Protein chains: 2
Amino acid sequence: MSLSPIRRKRATIHDVAVEAGVSRGTVSRVINGERYVSDDARTAIEAAISKVGYVPNTAARNLVMQRSEAVGFIVHEPHSLFLEDPNIGAIMLGANDALSRADHQMVCLVIDSDRDTRRVARYLSGGFVDGVVVVSARENDPITRIIESLDLPAAFVGHPPDLRRLPFVGIDNRASAEAITRRLLQTGRTRVGMIAAALDRDSGSDRLAGFRSALGDRFDPSLVEPVPFYSFKAGFEGMQRLLAREPEIDGIFAASDAVAAGAIDAMKVAGRSVPRDIGVVGFDDSAWAERTQPALSTVHQPATGLGARAAEIVLAQLRGEEPDLAGVLLETPIVWRGSA
Amino acid sequence: MSLSPIRRKRATIHDVAVEAGVSRGTVSRVINGERYVSDDARTAIEAAISKVGYVPNTAARNLVMQRSEAVGFIVHEPHSLFLEDPNIGAIMLGANDALSRADHQMVCLVIDSDRDTRRVARYLSGGFVDGVVVVSARENDPITRIIESLDLPAAFVGHPPDLRRLPFVGIDNRASAEAITRRLLQTGRTRVGMIAAALDRDSGSDRLAGFRSALGDRFDPSLVEPVPFYSFKAGFEGMQRLLAREPEIDGIFAASDAVAAGAIDAMKVAGRSVPRDIGVVGFDDSAWAERTQPALSTVHQPATGLGARAAEIVLAQLRGEEPDLAGVLLETPIVWRGSA
DNA sequence: TTGTACGCGTTATCAT
DNA sequence: ATGATAACGCGTACAA
C-alpha cells in the first residue's frame with residue numbers, strides 16, 4: 001500500500017533477540033560491549049546478528065541518548081566565492097580531521113538560497129547535530145539568530161561584527177596586513193598602493209586598516225583601489241584602473257593571493273616587470289601564491305588550523321566546558337618569495 | 001547529575017498540549033496542517049507553541065516516518081585534489097540546488113581517512129539519509145560496498161570500473177578528448193603531444209584514448225607525457241620534460257585546465273609563445289581557463305549539471321522509480337578561446 | 001472535531 | 001546474568 005523508499009525491511013534488535021532466543025536488553029548489552037553477559041548468550045547473539053543482517057539504527061539511538069555525535073559545518077558563501085576560495089576546502093578538511101579524532105561525524109550543509117536557510121534552520125533544530133562550526137556568516141545572518149535561540153554549541157570561523165555571545169576563531173587581519181605592508185616598504189618602495197577587496201566584510205576592511213596604519217603619514221587614498229570580491233578577475237581589473245590612474249606606482253599590497261595573481265597579470269599586460277618595476281605582496285598563502293610568476297610573497301593563513309580549532313571549541317562545549325567568548329586568534333607568519 | 005550537552009530542556013508536543021489544554025494528537029495535527037481542527041483549538045495551540053518555544057524534533061519524526069528527507073553527498077578525494085579541483089564545488093552546488101527544490105537536505109560527508117570510511121558507513125546505515133550522491137569513488141571503494149549491501153538509493157558522479165548495479169552520471173571523456181584533439185589538429189599543427197594525467201582513473205585513461213584515436217596513424221607515444229595528478233604543478237613539470245625531449249612540439253592537449261595552465265607557464269619560461277609557437281587545449285572549462293594568458297580553449301564540463309542530475313536520479317528512486325543502470329552522459333561542448 | 005493508544009528502534013532502570 | 005518495562009518525541013489509526 002505504501003510507496004515507501006524502504007526496499008528491504010531492516011532487521012532490528014527485536015529480530016536479533018527472537019533469533020537468539022534472548023531479550024532485547026541482552027542484545028543491547030552485547031552491542032554496546034557491556035559486562036554481565038554470559039558467553040553462551042554472547043555467541044548466540046553474535047551469530048543471530050550476522051544471520052539476520054542487523055545494523056544498528058543510530059537515529060533511534062540518538063533519540064534516546066539525546067545526542068547525535070555529529071557536528072554541522074555550515075558554509076554560507078556567495079555562490080562564486082565558494083568555488084573560488086581555496087581556503088574553505090582546507091578549513092573543512094581541518095574541521096573534519098579534528099572531529100574525526102573525537103569520533104564525531106562532520107556534516108557539511110551549504111546555504112545558497114533563502115530556501116536553504118529555512119531548511120538548514122529546521123535541520124539544526126531537529127536534533128541531528130550536537131553543535132556547529134559556521135564559516136563566513138554574514139552580518140545579521142538568520143542562521144546566527146537560529147543558533148543563538150537554540151543555544152546550540154557553536155564556533156565561528158571569522159567573526160561577523162554582530163557576534164555577541166558566540167565564540168569564534170580567526171586571524172588578526174589588521175595586524176597581519178600591517179606587518180606585510182611594512183615588510184614591503186622595507187624593500188625601498190616609495191609609491192605603495194593597495195587593491196582592497198570586499199570592504200563590506202570585516203576581513204576586507206581590517207586589511208585596509210592595517211595597510212593604512214603601516215603607511216602612517218605616507219598614506220595616500222588615491223593609491224587605494226577598492227574591488228568587490230577576493231577574485232582573480234577583480235584583481236586584474238582593479239590593477240588596470242590603478243595603473244591608468246597612478247602610473248608611478250612601485251609597490252602593491254593585494255587583499256588576497258587571487259587578487260594579487262590578477263594584478264600581476266595586469267602588470268604584465270601593461271609591460272611592467274615584477275618585482276623589478278613593482279613589488280607585489282598578497283594575503284592567504286593559498287595555492288595561488290605558488291602559481292604566480294614569480295612566486296608570491298604573502299601572509300600565511302592557517303586554514304586547516306582554523307577549521308580544526310573551531311571544531312575543538314565545539315567539542316569542548318559538548319564536554320560541558322564554557323567557551324571563551326573573547327575569541328582566539330591564530331598566528332599568520334609571513335612567507336617571503338620572489339614577488340617583492 | 002548529568003554532564004549532558006543539553007542546555008535548556010526543549011519543549012515537546014506534550015508541553016504544547018498541556019499549555020493549550022488539548023491532546024497531543026490535536027497539536028500534531030495543526031503542526032502538520034491537517035484538516036479537522038477547530039479554529040478555537042488552532043489559535044490556542046499556535047499561541048501555546050510560541051509561548052513554550054516549541055520546535056519540532058525532526059529526528060523523532062523521522063524515526064516514525066521511516067525517512068529523513070536528507071540525501072548524503074559523499075566526497076572521497078585524495079586530500080590535495082579536493083582543494084585543487086574547482087569542479088567538485090560546482091557539482092556540490094548543483095546537487096544542493098536540485099535537492100533543495102525537492103525540499104531535501106543535502107548533507108555533505110567527506111572521507112579523508114580509514115577512520116572516516118568506517119564512521120561514514122555507520123552514518124549511512126544509521127538512517128540519517130534516504131539516499132546518497134557519491135563523487136569520485138575509487139575502484140573497489142569500501143563505501144561502494146556499503147551502499148550496495150544497504151541497497152541505499154544512490155547515484156555516482158563518474159563511474160568507477162567496478163560499478164555494477166548502481167546508476168551513474170558522467171561525461172564521455174573519450175569522445176570529448178577526441179573532439180578537442182581533432183579541433184586542435186585542424187589548426188594545422190603537425191607535432192601534437194599530450195600531457196596525460198591520472199592514468200589510474202578512468203577519466204585519465206579515457207582522455208588519453210580519445211587523444212590517441214584522434215591522431216590515428218600519426219599517434220606517437222613519445223609525444224605523450226604522463227603525470228600523476230590533474231594539477232598545475234604536474235602540468236608545469238610535465239611540460240618541462242616534454243619540451244626537453246621533443247623541442248619540435250607545436251600542439252598540446254592537456255588532460256585538464258589546471259595541467260594546461262602549468263604547461264603554459266612552463267612554455268613561457270622556455271621562451272615559447274602561445275598560441276604562435278604552440279597551440280594548447282585543455283579540459284574542464286574551470287575557472288583556470290579564463291586565467292591563462294591567452295584564455296584557454298577547452299572542453300566544457302557541465303559540473304553543476306552533473307551534480308543536479310545525480311541528485312535527481314536519487315530523488316527518482318526515492319519516489320519508487322527504478323533507476324537506469326546504463327548511466328547517463330551529459331553534453332560537453334567545446335569552448336574555443338585564444339590558446340589554440 | 002478530538003482524544004486514546006500504539007508503534008518507530010534504542011537505551012536504561014529496575015526487578016529477578 | 002537476564003528479562004520486563006518505561007522512556008525518547010513524534011505520527012496515526014481508531015474510537016468517541
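Since the model is a prediction, treat every value here as computed from it, not as a measurement. All values below come from the heavy atoms of this structure, side chains included, with hydrogens, waters and symmetry mates left out. Chain letters run A, B, ... following the sequence lines, proteins first and then strands; every chain starts at 1.
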Residues which pass ring pair (Phe, Tyr, Trp, His ring centres under 6.0 Å) with Phe128(B), listed by chain and number, not counting sequence neighbours: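 Counting only residues at least two positions away or on another chain, Phe128(B) forms a ring pair (Phe, Tyr, Trp, His ring centres under 6.0 Å) with Tyr123(B).
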By side-chain hydrogen bond (donor to acceptor under 3.5 Å, both in side chains) - contacts of Asp40(B) (at least two apart): none
How far does the helix from dT1(C)-dA16(D) to dT16(C)-dA1(D) bend, going by the axes of its first and last five pairs, to the nearest 10°?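 That helix has its two terminal axes inclined by roughly 50°.
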Using a 4.0 Å heavy-atom cut-off, does Ala41(B) contact any base of the nucleic acid, only the sugar-phosphate backbone, or nothing at all?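 Counting heavy atoms under 4.0 Å across all strands, the contact made by Ala41(B) is with sugar-phosphate only.
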With a 4.0 Å cut-off, would you call Asp97(B) and Arg101(B) a salt bridge? yes
Contacts of [X] that satisfy side-chain contact (heavy atoms from CB on, under 4.5 Å) - sequence neighbours left out:
X	answer
Ala60(A)	Asn57(A), Leu63(B)
Val328(B)	Val169(B), Arg309(B), Ile313(B), Leu330(B)
Asp103(B)	Arg115(A), Arg119(A), Arg122(A)

Sequence neighbours left out, what pairs pass salt bridge (Lys or Arg N to Asp or Glu O under 4.0 Å) with at least one residue falling in residues 21-39 of chain B?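 Matches after skipping sequence neighbours: none remain.
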Its contact letters, B for base, S for sugar-phosphate only and - for none at protein heavy atoms under 4.0 Å, make nucleotides 6-16 of chain D read B-BBBBB----
Rounded to whole angstroms, how far apart are CZ on Arg67(A) and C1' on dT10(C)? 13 Å
Thr26(B) vs dT2(C): side-chain N/O to OP1/OP2 distance below 4.0 Å: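 Indeed not, no polar side-chain atom of Thr26(B) lies that close.
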Result block: side-chain N/O donor-acceptor pairs under 3.5 angstrom for residues 44-54 of chain A, not counting sequence neighbours:
from	atom 1	to	atom 2	distance (Å)
Ser50(A)	OG	Ala47(A)	O	3.2
Lys51(A)	NZ	Glu19(A)	OE2	3.1

